[in-house]
Each structure stands twice: as C-alpha cells, then as structure tokens.
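Report on the structure given below.
Predicted, not measured: the structure shown is a model, and the values here were computed from it.
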Amino acid sequence: MSHAQSLPTVAADGADLHRLVVEAEPETNLLLRLLEPFVIHDVLPSRVACAATGDGLAVEIVFAASADLAQRLHGRLSVMVGVRHAVLSPAGRGRGAHSPEHRAAAHRAA
C-alpha cells in the first residue's frame with residue numbers, strides 16, 4: 001500500500017486518524033465481524049485493506065475518531081474470537097509503512 005505515505009493525520013472534521021492493524025484466523029466471516037463495531041459506533045473507515053496470508057488474515061483499517069473511541073474499537077477487536085493480535089496507532093505514523101501482510105509477518109518474526 002504505497003499510498004499510505006500520503007495519509008493526513010487529522011480528518012477534515014478535526015478528528016484524529018487512527019490505523020488499526022489486525023492479524024486473525026483465516027475465517028470466511030471474520031472481515032464482516034471486524035467491521036461491525038465500526039457500524040455500531042457510526043464510524044466509517046476511510047480505508048480498509050485486507051490480505052489473506054499463508055496462515056491467516058491481515059487487515060488494516062484507517063478511520064477518524066476520538067482517541068477514546070479508537071481505544072474502544074481496538075479493545076473490541078482485540079478480544080474477538082479469531083483475532084490473534086491487534087495494534088492501534090496514529091495513521092500519520094509509519095510513513096513508508098508496508099502492506100498489512102508484511103506487518104503481520106514482521107510481528108510474527110519479532
């Protein structure tokens with residue numbers, strides 16, 4: 001995802017942009033379940049990237065929200081059945097970041 005370098009750090013409405021990267025089991029309905037909390041909290045992600053890796057699913061969700069709401073979303077996704085790992089960070093960080101599958105592989109190697 002080379003266009004990640006051009007993401008701003010603040011949304012047009014002034015809310016902070018966040019990046020949530022999730023490593024999960026390769027289940028067919030998991031992507032839908034990952035997005036459900038965003039619907040419940042009326043948050044429309046500005047970008048969703050998903051890649052099936054050899055042993056799982058790597059998902060990156062970029063969204064605008066308050067810090068408290070971003071933490072709540074992170075908490076909900078972190079405890080979902082099938083989620084192995086979830087990391088929340090500011091969307092403006094990680095310039096030159098790699099694709100979700102690359103980050104998931106790097107995390108496993110660490």
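- For Leu88 against Ala70, the heavy-atom pair with the smallest separation is CD2-O, 3.6 Å.
- Qualifying side chain to side chain donor-acceptor pair (under 3.5 Å) partners for Ser66, counting only residues two or more places apart in sequence or in other chains: none.
- Under the side-chain contact (heavy atoms from CB on, under 4.5 Å) criterion, Asp42 pairs with no residue, sequence neighbours left out.
- Atom OG1 of Thr53 is separated from atom CG of Asp55 by 4.5 Å, given to the nearest 0.5 angstrom.
- Applying the side chain to side chain donor-acceptor pair (under 3.5 Å) rule to Glu36 yields no partners; only residues at least two apart in sequence or on another chain are considered.
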Inset, instruction - Decide yes or no on side-chain contact (heavy atoms from CB on, under 4.5 Å) for Val59 and Ile61, but give the supporting numbers first. - result: CA-CA 7 Å; Val59 181; Ile61 304 169; 3.9 Å; yes

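- Scanning both residues, Ser78 and Ala86, for their nearest heavy atoms gives OG-CB, 3.6 Å.
- Pairs of residues two or more places apart, or lying in two chains, never qualify as salt bridge (Lys or Arg N to Asp or Glu O under 4.0 Å) while including a residue from residues 70-82.
- In this structure, His85 NE2 and Leu77 CG are separated by 12.5 Å, a value rounded to the nearest 0.5 Å.
- The shortest distance between side-chain heavy atoms of Met80 and Pro37 falls below 4.5 Å.
- Annotation: side chain to side chain donor-acceptor pair (under 3.5 Å) contacts of Gln71 (sequence neighbours excluded): none.
- For the residue pair Gly82 and Glu27, the shortest heavy atom distance occurs at CA-OE2, 4.0 Å.
- For residues 54-78, every residue pair satisfying the ring pair (Phe, Tyr, Trp, His ring centres under 6.0 Å) rule, not counting sequence neighbours, is listed here: His18-Phe63, Phe38-Phe63.
- Interatomic distance, CG of Leu35 versus CG of Leu44, reported as 10.0 Å (0.5 Å rounding).
- One finds the CG atom of Leu69 at 6.0 Å from the NE2 atom of His41 (value rounded to the nearest 0.5 Å).
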Inset, instruction - For Leu20 and Val87, run side-chain contact (heavy atoms from CB on, under 4.5 Å): C-alpha distance rounded to whole Å, both residues' side-chain angles, the deciding distance at 0.1 Å, then the answer. - result: CA-CA 6 Å; Leu20 189 53; Val87 176; 6.0 Å; no

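- Leu73 contributes atom CG, which lies 9.5 Å from atom CD1 of Ile40 (distance to the nearest 0.5 angstrom).
- Within the model, atoms CZ of Arg84 and CD of Glu25 stand 4.0 Å from one another, a figure rounded to the nearest 0.5 Å.
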